[in-house]
Amino acid sequence: MKRFMGIINLGENESKIKEITYNRPIASVPIGGRYRVIDFTLSNMVNAGIQNVAIFTQGKNRSLMGHLGSAKPWDLNRKYEGLFVINPVLEPEDTIIRKGDIESFKNNIDYIQGSKQEYVLLTKSYMLYNMDFKKAFNYHIDSSSDITLIYKRVDNKDNRFIGCDNLTTDKFNNLKSIGYNMGNDEFSNISLETYILRKDLLIDIIKDTVSKGDSKYLKQAIYNRMDKLKVDTFPFNGYLACINSIENYYNTSMDLLDEKKYKDLFYENGLIYTKIKDEPSTKYSSSSNISNSLVANGCIIEGRVENSIIARGVTVKKGAVIKNSILMQKSLVSENAYLENIILDKKVIVSEGKILSGNHNKPFVIKKNTFL
Amino acid sequence: MIKRKKEMIAMLLAGGQGSRLKSLTKRLAKPAVPFGGKYRIIDFALSNCSNSDIYTVGVLTQYHPLLLNNHIGIGSPWDLDRRDGGVSILPPFVREEGGRWYKGTANAIYENIEFIENYNPEYLLVLSGDHIYKMDYQELLEYHKEKGADVTISVIEVPWEETNRFGIMNTNDDFSIYEFEEKPKNAKNNLASMGIYIFDWKKLKNYLIEDEKDEFSSNDFGKNIIPKMLNDNLKLYAYTFKGYWKDVGTIKSLWEANMDLIKDNPLDLYSKEWKIYSKNPISPPHYISREGKVKNSLLNEGCIIHGDVKNSVLSPGVYIGENSKVIDSVIMPNVKIKDHSIIKRAIITSDITIDSGSIIGKENSEITVISE
């Protein structure tokens with residue numbers, strides 16, 4: 001699929017997931033024991049043969065840059081093309097970065113124009129799924145539509161997709177309108193915010209929007225022009241998760257303890273790549289007691305772990321109990337501590353005998369580098 | 001042109017079949033045998049080089065090199081992908097006068113004199129790719145310089161009753177070597193050679209050339225070169241290594257070395273100062289189901305455990321079915337053990353599927369090996 005380039009737009013709403021996005025964008029939130037949110041989108045693109053990917057950031061991206069490095073894990077460390085990270089430009093007279101993402105697209109329109117691909121796959125990072133984009137590409141190329149928008153039909157009963165874009169289509173699957181999912185219908189067609197369109201069209205939309213000044217956001221700019229364009233939709237049927245709130249982050253993590261969802265997300269249409277850490281095997285001692293959990297490499301488990309996600313390099317000492325919790329990279333839980341419904345951000349140290357308990361519906365988050 | 005100069009480069013002997021490992025080395029060289037969950041045996045020597053700031057390493061291959069070639073690649077896992085030097089795989093090759101296999105350890109170095117001369121080194125470090133240990137080769141070099149030695153051989157104290165299994169160095173009080181005895185019946189000393197040598201390159205080169213002219217020589221360091229050097233009164237010193245070192249040349253010793261990793265052992269794979277690097281698999285964290293039990297074991301990414309794992313080492317991608325038990329065993333990458341099976345004191349090699357209801361191995365017996 002050398003005819004496609006990828007653009008990942010990180011202008012994402014962090015208002016409901018602030019606890020773990022103080023110093024990182026959603027894109028680099030650790031998830032699934034060894035990944036960052038953006039790994040899924042990047043891997044889907046690479047698995048579909050895309051070799052030219054741009055990430056438009058919104059600042060706060062030291063953690064993201066550290067994660068991406070030279071883009072080698074995604075095989076995007078290419079002589080020609082590969083991965084481009086595009087940061088917002090801060091002019092000397094600006095005291096704050098201007099609101100909206102359209103500015104950054106405008107400033108970098110020469111990069112988009114200069115890329116040799118005819119088509120663009122434009123997406124975000126906060127939707128987690130493992131999809132074969134090639135099928136959607138072929139569908140788009142064969143159709144006469146201007147834009148193909150990927151969606152999934154979801155059940156609203158567990159409120160996982162509140163606040164996502166909700167698509168209404170006609171009987172030919174063409175888009176009629178886009179709304180805000182309130183969760184009041186039994187089912188919704190949730191937009192994956194993944195658009196396939198000709199590069200020329202994207203450039204036209206950006207230029208037109210900047211000259212008219214009718215929107216500060218690319219998404220809004222596209223939506224404003226929907227009535228003039230033929231917008232088709234393409235269904236995705238695999239496992240989909242949306243990381244736009246702490247509750248969704250927690251529930252998605254717990255979903256991975258379901259073997260079917262685990263295989264769907266990690267293996268179904270290709271592998272998910274991430275930064276390599278060279279961690280040794282995880283060591284379980286004779287006092288360990290583990291059940292229904294996901295554990296990454298480099299951990300030393302001496303205590304009890306139940307229904308939890310344990311990231312790379314975590315230590316759980318003897319007598320400690322971890323239940324329904326998420327432990328990010330390199331956290332340490334000392335002897336006889338008790339954790340239930342807790343999210344430990346990276347490098348948290350929980351001292352001996354400490355008891356921490358959150359609510360099942362609202363897990364308690366401990367900030368990065370905290371000593372408790 | 002400025003002639004490049006490296007103080008010391010390493011030559012790693014990795015062409016051995018390891019025939020005492022029997023079916024384990026049917027399709028791969030001994031250094032490529034999986035070890036300790038996520039490693040291959042050669043990773044230890046390669047990581048030691050990298051951690052000792054030796055970034056020019058020639059790897060001599062001969063027997064079944066494909067897997068080894070693939071594993072080493074351009075050396076990036078060990079940070080050996082260098083602009084100047086780095087890792088070079090050196091198989092036997094054809095010259096004007098014809099081609100030939102490496103006849104012995106010394107001949108393998110002889111055949112690559114040209115490669116070594118390219119770097120114009122002062123010292124040559126000769127290693128074997130089939131031992132498990134962590135060692136700072138710079139300390140060995142310091143010792144070599146301090147002693148003003150022509151050759152320094154790293155040795156380790158072995159129990160007196162096992163001296164008949166090793167090449168023993170008989171030393172004077174100042175650790176100068178006066179005699180080398182291969183597997184002596186009545187040992188005079190208990191310092192065994194670890195197969196790690198530092199040579200003054202210019203001197204060694206002359207001996208290699210001389211040795212090559214002797215048609216009755218087996219072209220081996222232990223049998224020919226070292227005795228000849230001793231005979232000529234060259235300065236040979238023994239460097240006593242303190243720490244964990246294991247020759248994994250037999251099924252039993254390979255199994256034991258794996259089991260050593262489960263115990264508290266001096267080979268700390270979790271220390272950040274001296275990491276052991278390997279090619280990392282692209283797999284999610286391992287998953288242990290509600291029914292799964294893990295005690296006193298090492299697990300790796302991509303494993304799925306529904307059964308019972310005790311005192312065992314599992315490589316990446318191992319599947320253990322329901323009601324299956326794995327005890328005192330070493331399971332190599334991507335092995336699938338279906339339901340209701342019992343594995344005891346066994347080594348199961350890569351990619352094998354064990355059918356439901358299988359019973360493999362027995363307590364208090366020899367190690368059972370299952371290979372294709």
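These numbers come from a predicted model, not from an experiment. Numbers restart at 1 for each chain; the letters A, B, ... are given by sequence-line order, proteins then strands.
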For chain A, which of [options] has the most heavy-atom pairs under 4.5 Å?
options: B:R290, B:K293, B:K272, B:K263; answer: B:R290
options: B:G302, B:C303, B:P316, B:S283; answer: B:S283
options: B:K275, B:K279, B:K310; answer: B:K275
options: B:V313, B:L261, B:I276, B:L298; answer: B:L298

Quick check on the interface: out of [options], who has the most heavy-atom pairs with chain B under 4.5 Å?
options: A:I290, A:L271, A:T274; value: A:I290
options: A:G32, A:S287, A:S293; value: A:S293
options: A:L257, A:N289, A:L256, A:T282; value: A:T282

Point to revise | Under 4.5 Å from any heavy atom of chain A - which part of B:K38 | key: both

Check your understanding: Checking B:N300 against chain A: side chain, backbone, both or neither under 4.5 Å from a heavy atom?
Key -> both

Under 3.5 Å donor-acceptor, [X] side chain and [Y] backbone:
X: B:K295; Y: A:S288; answer: yes
X: A:N297; Y: B:E301; answer: yes
X: A:S281; Y: B:L314; answer: no

Exercise for review: Find out whether B:Y287 and A:N292 are in side-chain contact, i.e. whether some heavy atom of one side chain is under 4.5 Å from a heavy atom of the other.
Suggested key: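 Sidechains of A:N292 and B:Y287: in contact.
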
Review point. Are A:Y284 and B:S312 close enough that some pair of their side-chain heavy atoms sits under 4.5 Å apart?
Key: no

Check your understanding: Which members of residues 300-313 of chain A, sorted by number, sit under 4.5 angstrom from chain B on a heavy-atom basis?
Key -> A:I300, A:N307, A:R312

Check your understanding: Mind checking which of residues 258-266 of chain A sit less than 4.5 Å from chain B, heavy atom to heavy atom?
Key -> A:E259, A:Y262, A:K263, A:F266

Which region of [X], side chain (C-beta onward) or backbone (N, CA, C, O), has a non-hydrogen atom less than 4.5 Å from a non-hydrogen atom of chain B, or is it both or neither?
X: A:K72; result: side chain
X: A:I276; result: side chain
X: A:S285; result: backbone

